[in-house]
Protein chains: 2
Amino acid sequence: MKDVPVEIQPEMCKVTDALGILVGKWKPVILLHLLNSGTQRFNELKRSLPGITQKMLTNQLRELEEEDIIERKVYAQVPPKVEYSVTEYGRSLEPILHAMHEWGAKHTIHKQSKKHNQAEAK
Amino acid sequence: MKDVPVEIQPEMCKVTDALGILVGKWKPVILLHLLNSGTQRFNELKRSLPGITQKMLTNQLRELEEEDIIERKVYAQVPPKVEYSVTEYGRSLEPILHAMHEWGAKHTIHKQSKKHNQAEAK
DNA sequence: CGGAATCCTTTTGGATACTG
DNA sequence: CAGTATCCAAAAGGATTCCG
């Protein structure tokens with residue numbers, strides 16, 4: 001049995017793969033929102049995400065769609081109607097999102113206590 | 001009881017917080033490597049990560065250090081000796097890394113079957 | 001040995017205006 | 001309504017040189 005090679009690269013890293021899909025200023029937020037609101041139209045999303053521009057919303061949605069994480073359903077109507085929802089495959093990201101959320105909640109505390117200590121030391 | 005506000009921003013998102021720490025081309029790879037190799041010197045790390053430049057290695061290490069994820073220990077010697085290791089706090093990221101790795105492994109399959117289907121459809 | 005400094009290219013993100 | 005298209009600023013990443 002051979003040893004695992006010690007030479008590592010980002011391209012071979014499974015963690016990096018997963019990470020790449022979630023990276024983007026609004027992607028986690030969009031995903032979380034879709035996960036607990038179910039299907040949403042473009043402008044519904046936009047209203048729920050104050051501060052996002054159309055361009056960014058479109059952009060992030062497209063990237064998530066390319067990765068098969070969300071589904072885009074276009075209705076042939078005037079005016080147009082487009083619905084977005086998380087695919088079943090997309091739901092497989094939930095454990096990751098959950099782990100991150102858990103960690104993030106504790107992290108907030110950690111950061112606060114660090115700042116507190118630094119303030120004391122000053 | 002008031003409803004949870006539907007207005008969301010990246011800055012309020014715990015998931016985004018966690019994500020921010022792991023983001024960086026080499027951060028996950030460095031972290032994983034340190035996690036199962038224990039303490040490593042700068043050049044040991046560099047050798048284990050072919051393709052990385054000193055600048056990037058320094059850069060990513062500094063950012064992880066700032067977040068208190070890794071520890072940097074400098075020995076007052078000539079020639080210099082600097083050791084890096086994961087802090088206990090850093091180890092709290094393991095569930096996230098694990099979830100990502102698990103997902104990444106399956107994702108590879110998913111991508112392959114997608115490409116396969118596309119090749120067929122051509 | 002373990003960097004810092006500089007310069008450059010690429011990638012992201014933002015503002016704004018226009019359109020089927 | 002749900003987008004494009006442009007242009008621009010900021011951030012990330014890369015190559016190279018120099019240093020205590």
Side-chain angles (χ1 to χ4, degrees), chain A residues 8-13 16-17 19-31 33-34 37 39-67 70-85, chain B residues 8-13 15-17 19-31 33-34 37 39-67 69-85:
Chain A
I8 321 176
Q9 260 133 6
E11 296 74 27
M12 324 164 18
C13 179
T16 301
D17 289 347
L19 207 54
I21 295 200
L22 277 330
V23 170
K25 184 163 178 185
W26 294 89
K27 277 186 203 168
V29 147
I30 289 173
L31 214 48
H33 184 64
L34 278 179
S37 319
T39 300
Q40 294 258 136
R41 297 183 58 169
F42 186 83
N43 273 357
E44 283 178 328
L45 280 171
K46 187 156 171 9
R47 269 189 298 277
S48 305
L49 276 30
I52 198 172
T53 61
Q54 287 107 323
K55 182 193 165 186
M56 275 309 285
L57 182 52
T58 308
N59 179 349
Q60 306 280 288
L61 288 169
R62 286 290 181 286
E63 291 186 19
L64 289 170
E65 193 194 350
E66 263 174 44
E67 296 292 347
I70 64 174
E71 190 195 0
R72 176 169 181 263
K73 198 168 181 180
V74 183
Y75 294 84
Q77 302 180 354
V78 182
K81 174 179 172 182
V82 181
E83 283 180 347
Y84 293 92
S85 57
Chain B
I8 321 177
Q9 261 133 6
E11 296 75 27
M12 325 165 18
C13 180
V15 173
T16 301
D17 288 347
L19 206 55
I21 294 199
L22 277 330
V23 170
K25 184 164 178 183
W26 294 89
K27 277 186 203 169
V29 147
I30 289 173
L31 214 49
H33 184 63
L34 278 179
S37 319
T39 300
Q40 296 257 138
R41 296 182 57 170
F42 186 84
N43 274 354
E44 285 177 328
L45 279 170
K46 186 157 172 10
R47 268 190 298 277
S48 305
L49 276 30
I52 199 172
T53 61
Q54 287 106 325
K55 182 194 164 184
M56 275 310 284
L57 182 51
T58 307
N59 179 347
Q60 307 278 288
L61 288 170
R62 287 291 182 287
E63 290 186 18
L64 289 170
E65 194 195 348
E66 262 174 46
E67 297 291 346
I69 303 304
I70 63 173
E71 189 194 1
R72 178 170 180 262
K73 197 167 180 180
V74 184
Y75 294 84
Q77 301 180 355
V78 182
K81 175 179 173 182
V82 181
E83 284 180 349
Y84 293 92
S85 58

Rounding to a whole Å, what distance do you find between [X]:[atom1] and [N]:[atom2]?
{"X": "A:Gln40", "N": "D:dC1", "atom1": "CD", "atom2": "C1'", "answer": "15 Å"}
{"X": "A:Ile30", "N": "D:dA2", "atom1": "CD1", "atom2": "C1'", "answer": "14 Å"}
{"X": "A:Leu22", "N": "C:dT12", "atom1": "CG", "atom2": "C1'", "answer": "17 Å"}
{"X": "A:Gln77", "N": "D:dG3", "atom1": "CD", "atom2": "C1'", "answer": "16 Å"}
{"X": "B:Asn59", "N": "C:dG2", "atom1": "CG", "atom2": "P", "answer": "18 Å"}
{"X": "A:Met56", "N": "D:dT6", "atom1": "CE", "atom2": "C1'", "answer": "17 Å"}
{"X": "B:Glu63", "N": "D:dA12", "atom1": "CD", "atom2": "C1'", "answer": "9 Å"}
{"X": "B:Leu57", "N": "D:dA15", "atom1": "CG", "atom2": "C1'", "answer": "16 Å"}

Scan A:Lys81 against the nucleic acid and name what it touches under 4.0 Å (heavy atoms): base, sugar-phosphate only, or nothing.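 Sugar-phosphate contact only.
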
Does A:Gln60 reach a base, just sugar-phosphate, or nothing at all? Heavy atoms under 4.0 Å. sugar-phosphate

Atom [atom1] in [X], atom [atom2] in [Y]: separation rounded to 0.5 Å?
{"X": "B:Glu44", "Y": "B:Glu83", "atom1": "CD", "atom2": "CD", "value": "8.0 Å"}
{"X": "A:Asp17", "Y": "A:Met12", "atom1": "CG", "atom2": "CE", "value": "11.0 Å"}
{"X": "B:Thr53", "Y": "B:Trp26", "atom1": "OG1", "atom2": "CH2", "value": "8.5 Å"}
{"X": "B:Leu61", "Y": "B:Glu66", "atom1": "CG", "atom2": "CD", "value": "12.0 Å"}

For [N], does OP1 or OP2 lie under 4.0 Å from any side-chain N or O of [X]?
{"X": "B:Lys25", "N": "C:dT11", "value": "no"}
{"X": "B:Gln54", "N": "D:dT17", "value": "no"}
{"X": "B:Tyr84", "N": "C:dC1", "value": "no"}
{"X": "A:Arg41", "N": "D:dC1", "value": "no"}
{"X": "A:Arg72", "N": "D:dA2", "value": "no"}

Decide yes or no for A:Lys27 and A:Leu22: does some side-chain heavy atom of the first lie under 4.5 Å from some side-chain heavy atom of the second?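 When only atoms from C-beta onward are counted, A:Leu22 and A:Lys27 do not touch, as no gap falls below 4.5 Å.
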
I want to confirm an ordering. Mapping A:Phe42 and B:Pro80 to their closest nucleotides on DNA chain D, which one lands closer to the 5' end? A:Phe42

Note: for B:Trp26 and A:Val74 on DNA chain D, the residue whose nearest nucleotide lies more 5' is A:Val74

Looking only at the side chain of A:Lys55 (C-beta and beyond, no hydrogens), which of the listed nucleotides D:dC1, D:dG13, D:dT6 gets closest? D:dT6

Of the options C:dC1, C:dG20, D:dG3, whose atoms approach the side-chain atoms of B:Asn43 most closely?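 Ranking C:dC1, C:dG20, D:dG3 by closest atom to the B:Asn43 side chain puts C:dC1 first.
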
